[in-house]
Amino acid sequence: MNLSGLSQLDPRAAKATSVQAEDESAATAEPQALKITAASSNPKMFTLPWEKPLATWPAELLANLPRGISRHVVRFVHVGDEVYAMKEITRQMAEREYEILRRLQKLDLPAVRPIAVVTGRHDREGNPLEAILVTKHLKFSLPYRALFARNLQHDTAERLIDALAVLLVRLHLAGFYWGDVSLSNVLFLRDADAFSAFLVDAETGDLQVNLTNGQREYDIDLARTNIIGELMDLSSGKLLPDDVDEIEVGNRLADRYHSLWSALTDTDKFGPDEMWKIEKRVNKLNELGFDVDELEMKTEEGGKRILVRPRVVDAGYANRKLLRLTGLDVQENQARRLLNDLDAYRASTWRDGEDLEIVATDWMREVFEPTVRSIPREYRSQIEPAQFFHEVLTHRWFLAEKAGHDVPMSEAVTSYIENVLPQQMLNKKDIDTLLEEADSGVIDDESTYYDNDDDDGYNPDFDPDAAVWSH
């Protein structure tokens with residue numbers, strides 16, 4: 001993005017970062033000394049082995065978490081008490097993606113949080129190494145392939161598409177053109193019975209003031225094509241049910257996107273005696289998870305119809321309500337489920353007339369906190385407390401239906417932990433398989449071209465199709 005374009009952006013995005021990536025074709029010399037531009041003050045960053053290619057970093061630094069397929073070397077690294085995702089790419093690409101992610105972060109959009117861009121890397125012999133983009137690991141998130149590795153549900157693919165459609169609408173509303181939409185470029189969080197999607201790869205993206213219809217439609221069409229290919233790949237690996245139609249699921253994205261875009265941006269016409277429909281429209285947007293900042297209203301010629309268009313601020317209506325009442329910051333569908341349980345608690349304790357903030361405090365102490373404290377230690381890194389609570393509530397309902405009477409929460413928690421949770425969590429074998437698949441897609445790791453212990457004479461320096469890597 002050029003400087004003139006920056007001046008027209010939302011001030012939050014325009015002033016998000018001092019890093020401005022230069023064009024890939026620029027001939028600027030590479031930094032001769034290590035340089036870390038960071039949005040985090042974590043001092044442990046300076047103790048990492050930047051002088052080594054990322055693929056050779058010691059195992060004791062690495063976090064054994066499932067990675068998605070990437071064109072580049074990616075590793076999850078322990079940095080003090082944090083886990084960061086490291087991606088080894090060219091300096092221009094690293095700076096550009098860091099810049100874009102910083103701008104998306106300032107706009108509160110669902111994307112991974114950028115931590116740093118590291119340039120000027122050299123090995124101990126003084127040979128240059130590629131730059132590294134550092135982002136914060138999105139806790140409890142999974143790449144799409146991991147979601148098919150355990151306890152596959154028939155509609156998993158459709159729910160992923162619905163989450164991606166919401167993400168795409170939010171990004172487009174903010175003026176972000178993605179340019180490479182796919183399931184591989186997204187991380188997913190379980191969100192009650194649905195998923196929430198977060199952008200994880202912004203290499204090809206561009207933030208603009210507004211997108212044209214052509215840009216939006218291109219993103220959608222590219223997403224459809226990529227998704228169908230990714231689902232066919234899953235199908236060939238026997239990870240999709242046989243009766244799932246990959247093309248139909250891919251087409252679902254466009255349908256879901258257009259219906260949501262219409263709900264958020266269309267102008268409605270009401271008669272002077274139909275003003276109640278405005279409240280209905282706002283309630284519908286709230287149900288979709290979006291807040292309305294203001295309504296633009298004007299009268300048609302003759303004064304017979306009133307044109308109303310809502311100005312939608314952001315997703316997270318239920319999230320913000322729950323955060324205000326309890327301090328819990330969770331996904332939107334999780335927030336709805338927790339608010340429903342809070343309402344049920346309020347009714348069951350005959351406190352309908354009492355201040356909701358006071359009731360919420362008691363619900364946290366008596367219901368939510370005792371439940372989530374029961375999460376076994378070995379699963380605490382894999383499931384969010386709010387998601388655990390939601391799934392226990394669902395399991396409790398099934399137990400009660402089977403028994404024909406209410407089941408105590410403590411009994412439901414025990415049953416869920418013993419009979420359901422282990423089948424839903426990834427084990428070491430699952431993660432190892434996913435990591436092998438992730439590394440199989442890397443094209444710029446020297447180890448994927450030849451075996452150093454068995455030199456077959458291949459020299460990638462003379463291969464015009466070989467990507468550049470760091471020696």
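Side-chain atoms of Asp155 do not come within 3.5 Å of backbone N or O of Glu158 as any donor-acceptor pair. Remark: the backbone N or O of Arg216 is not paired with any side-chain donor or acceptor of Asp219 at under 3.5 angstrom. Checking side-chain atoms of Thr349 against main-chain N and O of Tyr345 turns up a donor-acceptor pair under 3.5 Å. Looking only at distances, a side-chain donor or acceptor of Arg380 sits under 3.5 Å from a matching main-chain atom of Ile375. Side-chain atoms of Asp221 never come within 3.5 Å of backbone atoms of Glu217 as a donor-acceptor pair (strictly under, hydrogens ignored). Side chain of Thr371 to backbone of Val367: a donor-acceptor contact under 3.5 angstrom is found. Trp178 places a side-chain N or O within 3.5 Å of a backbone atom of Asp201 that can act as its donor or acceptor partner. A donor-acceptor pair under 3.5 Å is formed between the side chain of Asn226 and the backbone N or O of Val181. Glu88 contributes no side-chain N or O that, together with a main-chain N or O of Ile132, makes up a donor-acceptor pair within less than 3.5 Å. When atom types are taken as modelled, the side chain of Gln387 and the backbone of Ala192 share a donor-acceptor pair closer than 3.5 angstrom.
Residue Asp242 places its CG atom among 12 or fewer non-hydrogen atoms of other residues, nucleotides or ligands, all under 6.0 Å distant.
The side-chain heavy atoms of Ile220 and Arg224, taken from C-beta on, include no pair separated by under 4.5 Å. Side-chain contact check for Leu133 versus Ile115: every heavy-atom pair is 4.5 Å or farther apart. Within the 4.5 Å cutoff, the side chain of Glu130 has no heavy atoms near those of the Val73 side chain. Side chains of Leu54 and Lys87 form no contact here, defined as non-hydrogen atoms less than 4.5 Å apart. Within the 4.5 Å cutoff, side-chain heavy atoms of Trp363 are placed close to those of Thr326. A heavy-atom distance below 4.5 Å is found between the side chains of Trp57 and Val77. Side chains of Leu421 and Pro376 form a contact here, defined as non-hydrogen atoms less than 4.5 Å apart. When side chains are defined from C-beta on, Phe188 does not count as touching Ser196, because their heavy atoms never get closer than 4.5 Å.
Taking CG of Leu231 as the reference point, atom CD1 of Ile247 lies at 10.5 Å (rounded to 0.5 Å). To the nearest 0.5 angstrom, Asp266 atom CG is 10.5 Å from Trp261 atom CH2. Interatomic distance, Arg252 CZ to Asp245 CG, rounded to the nearest 0.5 Å: 12.5 Å. In this structure, the separation between CD on Glu95 and OH on Tyr98 is 10.5 Å, given to the nearest 0.5 Å. Rounding to the nearest 0.5 Å gives a distance of 12.5 Å between NZ of Lys429 and CG of Leu434. Annotation: the span from Leu325 atom CG to Leu339 atom CG amounts to 6.5 Å, rounded to 0.5 Å.
What you find for Leu426 and Pro66 is that their closest heavy atoms are CD1-CG, 3.9 Å. In terms of heavy atoms, Ala165 sits closest to Leu260 at O-CD2, 4.5 Å. Smallest separation of non-hydrogen atoms from Phe140 and Pro385: CZ-CD, 4.3 Å. Heavy-atom minimum distance, Gln334 versus Arg190: NE2-O, 2.9 Å. Between Trp50 and Met45, the shortest heavy-atom contact is NE1-O, 2.9 Å. Between Ala94 and Ala131 the shortest heavy-atom distance is CB-CB, 4.0 Å.
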Next item on the list: Report the C-alpha separation of Asp193 and Arg159 in whole Å, then their side-chain angles, then the decisive distance to 0.1 Å, and conclude whether the salt bridge (charged side-chain N to carboxylate O under 4.0 Å, His left out) test is met.
Entry: CA-CA 9 Å; Asp193 293 322; Arg159 290 184 293 141; 6.0 Å; no
Next item on the list: Mind running side chain to side chain contact (heavy atoms under 4.5 Å, CB included) on Tyr379 and Ile417 for me, showing each step along the way?
Entry: CA-CA 10 Å; Tyr379 298 134; Ile417 291 173; 5.7 Å; no
Next item on the list: Give the intermediate values and the outcome of salt bridge (charged side-chain N to carboxylate O under 4.0 Å, His left out) for residues Glu99 and Arg103.
Entry: CA-CA 6 Å; Glu99 174 188 354; Arg103 300 194 194 285; 3.0 Å; yes
Next item on the list: With side chain to side chain contact (heavy atoms under 4.5 Å, CB included) as the test, would you mind laying out the steps for Leu164 and Ile227 before giving the verdict?
Entry: CA-CA 10 Å; Leu164 182 54; Ile227 287 165; 3.6 Å; yes
Check: Taking it one step at a time, do Val407 and Trp397 satisfy side chain to side chain contact (heavy atoms under 4.5 Å, CB included)?
Finding: CA-CA 8 Å; Val407 172; Trp397 184 88; over 6 Å; no
Check: After noting the C-alpha distance and the side-chain angles of Glu203 and Arg71, does the key distance pass the side chain to side chain contact (heavy atoms under 4.5 Å, CB included) rule?
Finding: CA-CA 11 Å; Glu203 288 179 16; Arg71 295 182 293 265; 3.2 Å; yes
Next item on the list: Apply salt bridge (charged side-chain N to carboxylate O under 4.0 Å, His left out) to the pair Glu230 and Arg145, showing each step before the final yes or no.
Entry: CA-CA 9 Å; Glu230 289 166 326; Arg145 294 184 73 89; over 6 Å; no
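Remark: the Asp206 side chain and the Gln208 side chain contain an N/O donor-acceptor pair separated by less than 3.5 Å. Checked by atom type, the side-chain pair Arg337/Asn340 shows no donor-acceptor distance below 3.5 Å. Residues Glu246 and Ser235 bring a donor and an acceptor atom of their side chains to less than 3.5 Å of each other. Side-chain contact check for Glu384 and Gln331: no donor-acceptor pair (N or O, by modelled atom type) lies under 3.5 Å. Side chains of His390 and Asp191: a donor-acceptor N/O pair is absent below 3.5 angstrom, by distance only. Checked by atom type, the side-chain pair Asn185/Asp180 shows a donor-acceptor distance below 3.5 Å.
In this structure, the ring of Tyr257 has its center less than 6.0 angstrom from the ring center of His172.
Contact check on Asp406 versus Arg396 returns no salt bridge, with no Lys/Arg side-chain nitrogen under 4.0 Å from an Asp/Glu carboxylate oxygen. A salt bridge is defined here as a Lys NZ or Arg NE, NH1 or NH2 lying under 4.0 Å from an Asp or Glu carboxylate O, and Asp439 with Arg75 meets this definition. Comment: Arg67 does not engage Glu437 in a salt bridge, judged by the lack of any side-chain N to carboxylate O separation of less than 4.0 angstrom.
The aromatic rings of Phe368 and Phe389 sit tilted relative to each other, their planes meeting at an angle between 30° and 60°.
Each salt bridge (charged side-chain N to carboxylate O under 4.0 Å, His left out) pair with one or both residues in residues 352-369, not counting sequence neighbours, appears once here: Arg324-Glu357, Arg351-Glu354, Arg351-Asp362, Asp362-Arg365. Within the structure, ring pair (Phe, Tyr, Trp, His ring centres under 6.0 Å) pairs that include any residue of residues 402-441 comprise Phe388-Tyr416, His395-Tyr416 (at least two apart or interchain).
Just one residue in the list Val112, Val200, Val117 forms a side-chain contact (heavy atoms from CB on, under 4.5 Å) with Leu101, and that residue is Val112.
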